[in-house]
Amino acid sequence: MTSATKTAPSAELSVKRIRTWSALLGVLSAAIVLAVAEFFAVFISPASSPVLAVGSLVIDLAPSWLKDLTIALFGTNDKIVLLLCVGLLVLVLAVAIGLVEYARPSWGVILLVFVGVIATIAVTTRAQATASWPMPTVLGVVAGVLVLRITMIRLRRWVNSAPVAPATTPAGTAAAARAASAQRSSATPNRVPAASRRDFLRIVGVASVGAVLVGVGARVVNASASVVDAVRTALKLPAPAIAAPAIPASASLDVPGISTLITPNSNFYRIDTALVVPNVDADEWRLRITGMVENEIEISFAELLELPLVETAATLSCVSNVVGGDLVGNAMWLGYPIRDLLAKAKPLAGADMVLSRSIDGFTASTPLEALQDDNRESILAVGMNGEPLPQQHGFPVRMVVPGLYGYVSATKWVVEMQVTRFADATAYWTERGWSAIGPVKTQSRIDVPSRGSSVQAGTVAVAGVAWAPNTGITGVEVRIDGGSWAAAELATAISADTWVQWVYPWEATSGEHSIEVRATDAGGTTQSGVPIPVVPDGAEGWHGITVQVS
Ligand SMILES: Nc1nc2c(c(=O)[nH]1)N[C@H]1C(S)=C(S)[C@@H](COP(=O)(O)O)O[C@H]1N2
Ligand SMILES: [Mo]
């Protein structure tokens, strides 16, 4: 009885308290939206978080006099002022959403969704936005709506079971009592006030603590990612000591839809085991060469940048790329030859492998020979297509070894190269059933026409790319409807390490037709038509498509 006597008085609800609670529930729902959005932004991009996106949208839309005024008034604090203004606006909207939802159920939800749509537009219109960027905001709004509804239901239950306290201001007394009883539903209260109050407070408490923990945690992660990104953007890479030869115009065919010779960073496939892209501080970064070496070596990022860097184009491919798949790309890399670092470390006799390790624990086993080979430009890359490595492609440093699949060579966020033996150590994917050795298999792909598409009868450009990195492509052939193979025209190869564009002018006649492609590499091997799955060391077979000609 004692606890009931203690809680009973505060279980009473004045209209003012109902309003305060409704407003707080609006604020809580907004906090949930932001926390959940911030959480999912960790996995997509810190810049996809709605707060920052709305902030940048405001910057984009603000008239210049307003920008000038804020800068005049607040100087370099203008961004903070902006974020405070956005924060204040969010707070006002949140309070409104809570009040409206209590007074007119569903209208608060509609208002919340409306604000969510505006935030989503802000996110999608950011310059770097990709198709997945709206996801954090959308999921945040969904969570916010759920919390708003659930907590409002509990609040109503409490209101319905609680005695109404007299309002504090005399003038308000009669009106408040009327309003409060109007707000009760006709349902008979089935709980004692103290219990429904406890229920309500419990869910509000859990949701608040959850929002704070998730939101703050995710914000910290996103903030450190943003810092790394800011450092990356500000970084100016040195010019190469040995530049790649200029790319002749004849290296690119003028065929709409063909893969570009150089794959832009924003289109470059990404494969890794990292749930969250590692944020590596370039100033802290060190690479250690350890294991079976005469001299262990440790090198910092600044030291690496002082070495004479080479620029080299290379096609990177994933062992999981199916025939015709898109887990392959060609970039211009800037880096330091690994063979030169190994020469300083002096591997001991008997060593035959380098186990490279990423800051996140991923490992790859690369034959020592491939890293020492004078005829293979294996590098510790710091640049990709004229920029510092994008974070998701290994900032600040990754390995690139032409001719080996990524899983046995292209360690991103690399921090250690342990010289060892295949007999003594195994890498991440080898422990999961993939081959310890992974040379890239010669492949060719039809980019246009796209599979299943319809084309007009007449001359149709069948075109695509073919690659045999570190070996080179000497020929590409096409056949129609299983007929005889005909040579395609090859663009100028910029090196043996990159893919080559090819085109075949096909006299297409109406009806359904199959098109197949095969390549021959500089080693004299022509791709076999026998389909082989990707596990354990890469797919084989001819890429074939069917098209409809009308
Ligand atoms: N740290 C780390 N590096 C990694 C991987 C990884 O999971 N973690 N995956 C490898 C694989 S399987 C491939 S195909 C290439 C892909 O490189 P990209 O994402 O830059 O295209 O990275 C390699 N480097
Ligand atoms: Mo891969």
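Not measured: the values here are computed from a predicted model. Side-chain atoms are counted along with the backbone in the values below, which use heavy atoms only and exclude waters and symmetry mates. Order of appearance sets the numbers: ligands from 1, and atoms from 1 within every ligand.
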Indicate yes or no for a side-chain donor-acceptor contact from Ser378 to the backbone of Ala370 under 3.5 Å, with no hydrogens or angles considered. yes
Applying salt bridge (Lys or Arg N to Asp or Glu O under 4.0 Å), which residue pairs with at least one partner in residues 214-240 are found, sequence neighbours left out? Glu38-Arg219, Arg232-Glu387
Answer with yes or no whether the side chains of Thr426 and Glu431 bring together a donor and an acceptor at under 3.5 Å. yes
Residues in contact with ligand 1, criterion: heavy atom under 4.0 Å: Phe268, Tyr269, Arg270, Ile271, Asp272, Thr273, Leu316, Cys318, Ser358, Asp360, Phe362, His393, Arg398, Gly406, Tyr407, Ala410, Thr411, Lys412, Trp413
Phe422 backbone acceptor or donor facing Asp352 side chain under 3.5 Å: yes
Parallel, tilted or perpendicular: which describes the rings of Trp434 and Trp429, with under 30° parallel and over 60° perpendicular? perpendicular
Against Trp333, only a single residue in Asp497, Leu380, Leu309, Leu389 fulfils side-chain contact (heavy atoms from CB on, under 4.5 Å); can you say which? Leu389
